[in-house]
Amino acid sequence: MMGKTLVILFVATLVLGVPVAFTMGIAGLAAILADGTLNPLIAMQRMFGGIDSFPLMAVPFFVLAAELMTACGLTAALLRFADALVGHLKGGLGHVNVLVSMLFAGISGSALADAAGPGAIVLRMMRRAGYDENYAGALSAATATIGPIVPPSILMVIYAISDNRVTVAGLFLAGLVPGLLLGLALALTNHVVSVRNGYRGRESRAAGPEIAAAFYGALPALLMPGIILGGILGGVFTATEAGAVAVAYALLLGLARRALGLSRLLAVFARAATITSSVLLIVAMASVFGWLLTYLRIPQELAAWLAGLTDDRLTVLFLLAGFALVCGLVIDTLPALIILTPVLGPIAHQFGIDPLHFAMMLVLNLTIGLVTPPVGPVLFVIATVGRLRLERLSRAILPLLAAELFVLLLIILFPELSTTVPRIFGYAN
Amino acid sequence: KELRYAHFQAADLSSPKHAAALAFEGCVEAKTSGAIDVQIYPASQLGNGAEILEGLQLGSVQMGVVHDGPISATYKPFSVLALPYLFDDQAMAWSIVDGPFGEALFEDMRAQTGIRVFALADNGVRNFTNSKRAIASPDDMEGLKMRVMTAPVWVRLVESLGASATPVAWPELPGALQQGVVDGQENGVTNILNASLYQHQSHVTLDGHVFSWHAYMMNDAFFESLEPAEQTAIEQCVVIAKTIHRGMTAAQDANATTLLAEKGLTVTPLSPEQKAAFRALAQPAVREFIVGEIGEEWPDRLDAAVDAYRAQ
Amino acid sequence: MPESRDESRAERIFTEANRVLIALVLAAVFLIVFANVLGRYALGTSIPWAEEVARHLMVFGAFAGAGLALREGKLVAIDVLLERVPALRRPLRWGAVLLMAAFMGLLLWYGAMFVGFGWNKETMATQMPRGIPYLAIPVGAALFLVHLALFARRYVRAEFAPDHAEGDD
Ligand code: NA
Ligand code: NA
């Protein structure tokens with residue numbers, strides 16, 4: 001009974017256009033009040049407890065670091081560097097789009113940041129250069145999904161707090177190979193599309209001095225992922241502390257380049273705090289929702305049902321992936337991750353699936369959901385900043401989506417793609 | 001009637017808490033002919049220790065097995081059990097928490113918090129591990145960065161022995177050890193094994209500074225709402241659960257040398273004289289701290305219980 | 001910065017004060033964690049309360065920033081229905097406003113009760129009453145309700161406040 005109230009209210013408020021963060025809180029609190037057997041203060045406890053977490057603090061830090069880097073003008077520097085490297089190829093600006101997303105991913109933890117930052121800029125550049133505007137938008141959206149796969153990653157931080165079988169550091173490492181694959185797959189698709197449509201690169205290949213100058217300009221930004229990953233791997237600090245060090249580094253850069261006055265600094269902090277708030281509110285409210293599901297034993301029953309269906313590991317993995325993919329179509333990525341991790345994680349564990357492998361599958365799966373219609377937040381952002389029609393954008397993204405699904409298939413079939421790098425550094429289970 | 005039972009260990013039979021929970025479930029359901037339906041939520045599914053204690057008060061959880069740290073934050077006098085180097089052995093510790101001292105403490109807690117404690121079972125005797133050197137005397141602790149739980153009493157304990165205390169939350173501990181953020185930590189054998197804390201440690205000193213506990217607790221209003229026969233059934237089944245839980249943890253503690261050596265740790269046992277050197281530094285310092293927090297009454301009663309046991 | 005003409009001076013001051021508040025909270029979280037890292041390496045000591053205080057400040061910032069997140073259009077919503085059926089737009093938006101107001105009203109009420117519930121318990125590290133960090137929920141809900149009252153009509157018209165973006169383009 002309570003379970004039904006919960007799900008119906010969640011879907012109803014979602015469709016009515018209530019902000020996603022509140023849909024879960026409203027459904028949870030209303031279900032508790034309607035049922036009458038649970039003390040409503042438990043909802044307050046879950047809201048508070050859901051975000052009262054030190055590992056979660058990596059989220060505001062990585063958001064802040066990326067905002068500071070952008071305020072220092074380093075996004076533009078990364079773009080110039082990417083252009084110098086691959087701008088001359090067929091579909092050159094498309095490749096720039098892919099490469100800059102991969103470089104930016106090493107600073108930023110979120111796909112939305114990539115879409116609204118470099119994604120929007122390259123979109124305008126591609127449009128001016130004569131690319132089909134919907135393809136340009138679709139490529140910016142698709143490449144933005146590299147953000148949460150290449151470390152650092154907000155989604156991975158949140159996954160790790162929902163499943164204590166993996167650590168943030170281990171997950172960060174697990175994302176390196178899949179992130180690279182994602183970039184390759186999108187670059188390949190861009191090549192095919194560009195050949196077919198006759199998209200060309202810039203007039204001439206960049207000369208050595210231009211590449212060197214662009215590299216020098218981008219160097220401060222390129223060092224950031226090294227500091228974050230190096231610090232974690234070298235045992236200098238935890239992932240959260242790495243976030244704080246990244247912020248300190250970005251602050252130092254900003255001061256050195258005289259890009260940050262006091263009022264600008266305050267604006268950047270306020271902006272990062274607002275973004276953080278919107279993310280953490282979702283986590284807090286999803287914690288109420290997820291707690292109620294557990295309390296009502298829905299995950300436990302789902303696991304028992306699934307265990308009765310099959311005992312083949314790969315079949316289970318495909319079933320879980322399919323289930324997550326469907327959820328990712330209709331639920332926003334972050335709430336889907338918070339709700340599904342405690343539901344599906346134990347099932348995967350029960351079937352002996354490597355925790356890092358499963359985590360990578362789920363994170364990539366739900367990240368792809370960011371660019372799938374009807375509920376694809378990154379598509380919304382690109383449609384808004386590029387003034388594009390959602391329907392056309394949704395159609396243009398199909399070949400890129402196919403490439404991403406192919407990478408997902410590889411990740412499902414070959415656990416080594418996710419587990420090898422963490423194992424080398426001693427983070428495997 | 002549904003009895004939601006929350007604990008923190010993994011849902012497998014080698015976890016003392018889970019094995020005890022399963023035994024409790026079978027026992028209660030058999031004795032009450034299914035009138036009470038026990039549902040177990042392992043692995044912190046419903047929240048961490050502090051949250052389960054709140055849940056016991058709010059009535060969202062009927063029964064919880066929680067470790068001592070969070071209990072002290074809800075009911076302060078419970079921290080008296082953190083007095084270090086107090087009990088000679090398990091038999092003594094069990095006898096005192098099962099005896100009049102335990103009864104008085106639990107009754108006071110029930111009156112103040114609405115949470116009924118039935119019994120305590122071991123969370124293992126706490127020992128120091130580290131990655132630097134064998135510790136045989138407090139001098140060896142000098143300069144080690146030792147992880148402690150985030151409550152100040154643990155900072156006081158470790159600092160009184162000369163090491164530097166780094167408070168790290170439990171979920172961060174494996175990472176902190178792996179990355180060398182801390183040199184060492186202190187826990188019972190069960191925790192060291194279950195959380196693989198031995199992975200990045202090379203030495204363990206079996207100093208047994210504190211007997212740490214898991215409390216079997218129930219929402220008192222729920223307990224009072226049950227039929228007398230059901231209440232008796234629950235009390236009897238807690239005894240079974242407690243016995244299993246204590247037995248499994250005690251077996252691990254008793255075989256600590258073998259179990260930890262198998263995991264590649266150099267084990268340093270302490271003679272009574274060596275232990276006395278630790279006690280001389282730590283006990284007065286921690287006692288002073290605890291008295292400052294909760295007054296003289298409970299520490300004095302505990303001392304009296306220890307003296308009475310020794311006099312037997 | 002450009003402001004909507006609907007915005008009164010009082011509203012601007014309130015919004016700006018809220019913005020400064022969460023910016024400073026985030027800055028404090030950063031300084032505490034960073035100082036703790038530095039302290040551990042430079043001085044070999046760590047701050048016992050650092051982790052707990054930083055955590056609780058982050059939670060406070062999250063709830064205290066809810067109203068601003070709404071204003072700046074950062075609270076993602078599923079607008080498919082609104083866009084398909086323009087006639088429903090206004091009633092649906094007003095419905096969302098009422099639901100949010102009711103929800104935040106409940107958070108204010110139950111949040112305050114939760115503060116009372118936590119008052120006789122202690123936090124682990126600083127041993128302050130747990131009710132103090134629990135204030136995040138009712139304070140955040142109260143701030144949100146003020147924002148909502150001031151901003152509701154513009155929210156219905158989907159005139160989100162300018163995002164204080166600092167882009168390169
Ligand atoms: Na990233
Ligand atoms: Na989607």
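A note on names: the letters A, B, ... follow the listed sequences, proteins ahead of strands, and every chain is numbered from 1. Predicted model only: the values in this text are computed from it and were never measured.
- By the 4.5 Å heavy-atom criterion applied to side chains, C/Val20 and A/Leu266 are counted as neighbours.
- Within a 6.0 Å sphere centred on CH2 of C/Trp109, other residues, nucleotides and ligands contribute 12 heavy atoms or fewer.
- In this structure, no portion of A/Leu79 lies under 4.5 Å from any heavy atom of chain C.
- Classification of the A/Phe22-C/Phe144 ring pair by plane angle, with boundaries at 30° and 60°, yields perpendicular.
- For the pair C/Leu106/A/Leu33, a side-chain contact is recorded, criterion being any heavy-atom separation below 4.5 Å from C-beta on.
- Options A/Val283, A/Leu265, A/Ile51 differ in how many heavy-atom pairs under 4.5 Å they form with chain C, and the most are formed by A/Ile51.
- What you find for A/Pro60 and C/Met58 is that their closest heavy atoms are CG-SD, 3.8 Å.
- Looking at C/Arg89, there are no atoms closer than 4.5 Å to chain A (heavy atoms on both sides), in backbone or side chain.
- The aromatic ring centroids of A/Phe48 and C/Phe60 lie 6.0 Å or more from each other.
- Among all heavy-atom pairs drawn from C/Ala23 and A/Ala273, the shortest one is N-CB, 4.4 Å.
- Scanning all heavy atoms of the two residues, the minimum distance from C/Ile22 to A/Ala270 falls at CD1-O, 4.1 Å.
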* Asked: Should A/Met44 and C/Leu107 be marked as a side chain to side chain contact (heavy atoms under 4.5 Å, CB included) after you check the CA-CA gap, both sets of side-chain angles, and the distance that decides it?
  -> CA-CA 8 Å; A/Met44 302 304 115; C/Leu107 285 202; 3.5 Å; yes
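- Between the CZ atom in A/Arg271 and the CZ atom in C/Arg19 there is a gap of 11.0 Å [rounded to 0.5 Å].
- Interatomic distance, OG1 of A/Thr23 versus CE of C/Met100, reported as 11.5 Å (0.5 Å rounding).
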* Could you please spell out the steps behind the side chain to side chain contact (heavy atoms under 4.5 Å, CB included) verdict for A/Met285 and C/Phe103? => CA-CA 12 Å; A/Met285 301 301 165; C/Phe103 177 59; 3.8 Å; yes
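- Nearest heavy atom pair, residue A/Ala244 against residue C/Val33, reads CB-CG1, 3.9 Å.
- Only the side chain of A/Thr13 comes within contact range of chain C, with heavy atoms under 4.5 Å apart.
- Closest approach of A/Ser277 and C/Ala66 over heavy atoms only: OG-N, 3.4 Å.
- Atom CG of C/Leu88 sits about 9.5 Å away from atom CG of A/Leu16, to the nearest 0.5 Å.
- In this structure, chain C has heavy atoms under 4.5 Å from both the backbone and the side chain of A/Leu56.
- Expressed to the nearest 0.5 Å, how far CG of C/Leu70 lies from OG1 of A/Thr274 amounts to 11.5 Å.
- In terms of heavy-atom pairs under 4.5 angstrom with chain C, the leader among A/Leu29, A/Thr240, A/Thr276, A/Val381 is A/Leu29.
- Considering only heavy-atom pairs separated by less than 4.5 Å from chain A, the leading option among C/Leu38, C/Asn18, C/Leu24, C/Val37 is C/Val37.
- Both the backbone and the side chain of C/Leu68 come within less than 4.5 Å of a heavy atom of chain A.
- Surrounding CZ of A/Arg389 are at most 12 heavy atoms belonging to other residues, nucleotides or ligands under 6.0 Å away.
- In terms of heavy-atom pairs under 4.5 Å with chain C, the best-connected choice from A/Ser53, A/Ala21, A/Gly117 is A/Ser53.
- Neither the backbone nor the side chain of A/Met125 comes within contact range of chain C; no heavy atom of the residue lies under 4.5 Å from a heavy atom of that chain.
- Neither the backbone nor the side chain of A/Ala43 comes within contact range of chain C; no heavy atoms are under 4.5 Å apart.
- Taking 4.5 Å as the limit, some side-chain heavy atom of C/Phe114 sits within range of a side-chain heavy atom of A/Gln45.
- The shortest distance between side-chain heavy atoms of C/Phe63 and A/Met47 falls below 4.5 Å.
- With a 4.5 Å cut-off on non-hydrogen atoms, A/Leu251 touches chain C through its side chain but not through its backbone.
- C/Phe34 places none of its side-chain heavy atoms less than 4.5 Å from the side chain of A/Val247.
- Two residues are said to be in side-chain contact when any heavy atoms from C-beta on lie closer than 4.5 Å; C/Val29 and A/Phe61 meet this criterion.
- For the set A/Gly17, A/Pro118, A/Ala116, A/Gly50, the entry with the most heavy-atom pairs within less than 4.5 Å of chain C is A/Gly17.
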